[in-house]
Every structure is written in C-alpha cells, then in structure tokens.
Undergrad: 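Input: one structure, supplied below.
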Amino acid sequence: MATDFKSIPIIDISPLLCKCNDPKVVEDSEVSEVVKQLLLACKESGFFYVKGHGVPDSLLKEVRDMAHKFFDLPYDEKIKIKMSAATGFRGYQGIGENLTQGRPDMQEAIDCYREFKPGRYGALGKALEGSNKWYIIIKALSLKTLCGEFEGLRAGDPFWITRIVGYPGISDSIVPGLPENYIGCGAHTDYGLLTLVNQDDEIPALQVRNRSGEWIWAVPIPGTLVCNICDMLKIWSNGLYESTLHRVITNSPKYRVSVTFFYEPNFNAVIEPLEFCKQKVDGIKKCERAVYGEYLVRKVYGNFGIEYLMNK
Ligand SMILES: O=C(O)CCC(=O)C(=O)O
Ligand SMILES: [Fe+2]
C-alpha cells in the first residue's frame with residue numbers, strides 16, 4: 001500500500017549511469033545514495049522523476065513535437081495506420097476508443113509493441129502479432145537505448161510497449177457532453193515492470209493516488225522522465241514496491257501529448273514473489289503469481305472491448 005506521500009521525489013541517477021560498469025560499483029557512496037533514494041520511492045509512492053538519465057532534452061522534445069504533428073493530421077490520414085485486432089492491436093486509435101474500467105478515455109493514441117516472429121509466443125502471443133507503423137515509433141524507441149543493454153544480457157528477452165498519446169484540450173474537444181474536468185485516462189496501474197513517461201512541458205495532467213485517496217500531481221519537470229513501478233514488479237517484490245493508481249486529468253485548453261515507454265518482463269515469464277522479498281515479511285506470500293503475457297493480453301482486450309474490435 002502506498003503511503004500518504006504529498007509529492008513525488010526527483011532522483012538524479014547520473015552516478016548510477018556513470019558507474020554501472022565499474023566492478024566496485026556496490027562500494028561507491030554516490031551510487032549507494034541513489035539506490036537508497038530509489039528504494040524509498042519504490043516503497044513510498046511507486047513514482048519518481050529521474051534526471052541525469054542521459055536522454056538529451058532535444059530528443060525528448062523532438063519525439064513530443066512529432067506526436068503533436070501526427071495528431072494534428074486530419075482523421076482520414078490518421079486512420080491509415082488504424083489499430084484493429086487484425087494489426088495485432090498496433091496502430092492508431094481515435095478519441096474515446098481506449099477504455100479504462102469500461103469507460104472511454106478522452107485521448108487518441110498510437111500503440112506499439114515489441115515485434116516478434118509469428119508463432120514465437122504460441123496461441124497467446126497471436127493477439128499481438130503484427131508490425132509497428134510510422135516513423136515516430138522509431139524515434140520514440142530511442143528511449144529504448146536506455147534499456148538496450150538489458151536485452152539478451154541481463155533480463156534475457158524483455159517485452160516492451162510504447163504508447164504515443166494525445167489529449168485534446170478542453171475547448172478543442174470534439175466530443176460532446178463532457179464533464180468539467182474530463183478524464184484523459186481513467187485510474188489504473190501499469191502492467192509490466194517499469195514505465196517511463198515523456199510528458200509535454202507546462203500542462204499538469206498526470207495525478208497519482210496516495211493511501212488516503214488524495215490525487216497528487218506529477219507536474220511536468222523539464223528534462224525529467226516520470227517513472228513508475230508496474231504490477232509485475234510489485235508481484236516480484238512481494239508487494240514491497242508499490243504499483244500505484246494514477247490517472248490523467250484534462251483541465252487545460254492546450255492539447256497535451258505524452259510518450260510512454262513500458263519496460264516489461266519476458267512475454268512468457270511466470271512472475272512470483274522472489275524468495276528474498278518473502279523473507280522480509282516472515283516468508284509470507286503477499287501477491288499472487290501471474291504469467292505476464294496472459295496478464296497483458298487480458299488487459300489489451302479489456303482496454304479496447306474485444307467485440308468492438310472484432311467487428312471493425
Ligand atoms: O499521459 C500520461 O502522463 C500517462 C499515461 C499513462 O498513465 C499510461 O499510458 O499508462
Ligand atoms: Fe499508466
């Protein structure tokens with residue numbers, strides 16, 4: 001359970017980046033300090049900003065600018081990369097097509113998933129077979145270089161998802177009958193391990209819920225990425241780390257974009273609380289096991305209303 005945090009910490013991870021290949025990294029006091037801050041954030045709120053991450057500001061902005069350009073296109077252009085069950089749920093979805101807990105979100109988006117050979121993940125993986133579309137995806141995945149060294153080396157075969165999301169400003173909205181503060185994305189937790197959010201400057205929209213139920217703003221801080229712990233990492237840590245509810249509120253007339261990179265476990269990974277995390281609470285198992293791919297596919301079907309997609 002998250003604590004009653006009132007703000008989200010900003011953590012400068014540059015010592016970790018500089019020294020991660022140093023054989024004496026575990027003895028380094030600067031690195032220990034970063035690890036201490038990360039541990040605290042993972043336990044207290046499950047959210048933190050990172051700075052000193054090594055992704056140039058200009059690249060983060062270029063990706064957001066490209067997203068704005070795409071969403072500015074006429075609808076007929078955008079649906080040229082339309083998402084459906086037939087595209088492996090990859091591509092463009094219009095405003096209100098994404099559902100959170102059955103309710104339409106006031107957003108449009110492009111979804112991309114790691115590409116893999118048809119058949120690689122058997123019957124379960126079939127739902128997500130397809131190829132990603134459009135150039136921005138390549139750019140958005142520049143963020144992936146951050147995680148690149150994990151692939152094949154440390155994490156084995158991680159899955160990933162990228163969402164490029166556009167939230168129309170209040171007055172621009174083409175959807176009639178909206179409430180005053182409308183929901184760009186309903187309250188949810190993320191599915192995999194770690195999320196990195198590259199959000200537009202100057203438009204507060206992302207909110208994170210603390211234990212008392214208060215919504216704490218994750219206001220944009222230029223040059224930072226917002227990071228949050230996701231469901232699979234919560235299970236692995238036996239609930240030591242929090243996968244915290246968050247949502248996106250639109251109360252600005254400005255169009256906002258966010259580009260989110262979700263770093264995930266292997267598609268077939270069976271996720272169970274790690275032994276040493278159970279030992280911290282007298283061996284008690286606090287989270288149920290999950291198979292990541294099953295969990296993801298169930299969520300994807302839930303988000304888009306499978307009958308709706310099958311009939312399109
Ligand atoms: O737009 C944002 O700031 C975050 C979106 C989000 O929470 C998500 O896509 O999972
Ligand atoms: Fe999220």
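One-based numbering, in listed order, for ligands and for the atoms of each. Throughout, residue positions are numbered sequentially from 1 according to the sequence presented.
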Undergrad: Run Tyr301 and Phe89 through ring pair (Phe, Tyr, Trp, His ring centres under 6.0 Å) and show every step you take.
TA: CA-CA 9 Å; Tyr301 284 166; Phe89 293 88; 5.7 Å; yes
Undergrad: Hey, is Glu264 close enough to Arg114 for a salt bridge, meaning N to O under 4.0 Å?
TA: no
Undergrad: Just to confirm my numbers, could you give the angle made at the Fe ion (ligand 2) by NE2 of His246 and OD1 of Asp190, rounded to 10°?
TA: 90°
Undergrad: Regarding Arg163 and Asp111, does a basic nitrogen lie under 4.0 Å from an acidic carboxylate oxygen?
TA: yes
Undergrad: For the rings on Tyr292 and Tyr191, is their centre-to-centre separation under 6.0 Å?
TA: no
Undergrad: Got the residues with a heavy atom under 4.0 Å of ligand 1, by chain and number?
TA: Tyr167, His188, Asp190, Val197, Leu206, His246, Val248, Arg256, Ser258, Phe262
Undergrad: Just by modelled atom types, is the Leu60 backbone N or O under 3.5 Å from a matching donor or acceptor in the Asn198 side chain?
TA: yes
Undergrad: His188: which N/O/S atom is nearest the Fe ion (ligand 2)?
TA: NE2
Undergrad: Identify which one of Tyr255, Tyr75, Tyr92 satisfies the ring-ring contact (aromatic ring centres under 6.0 Å, His included) criterion when paired with Phe70.
TA: Tyr92
Undergrad: Only one of Arg64, Lys61, Arg256 forms a salt bridge (charged side-chain N to carboxylate O under 4.0 Å, His left out) with Asp201, so which one is it?
TA: Arg64
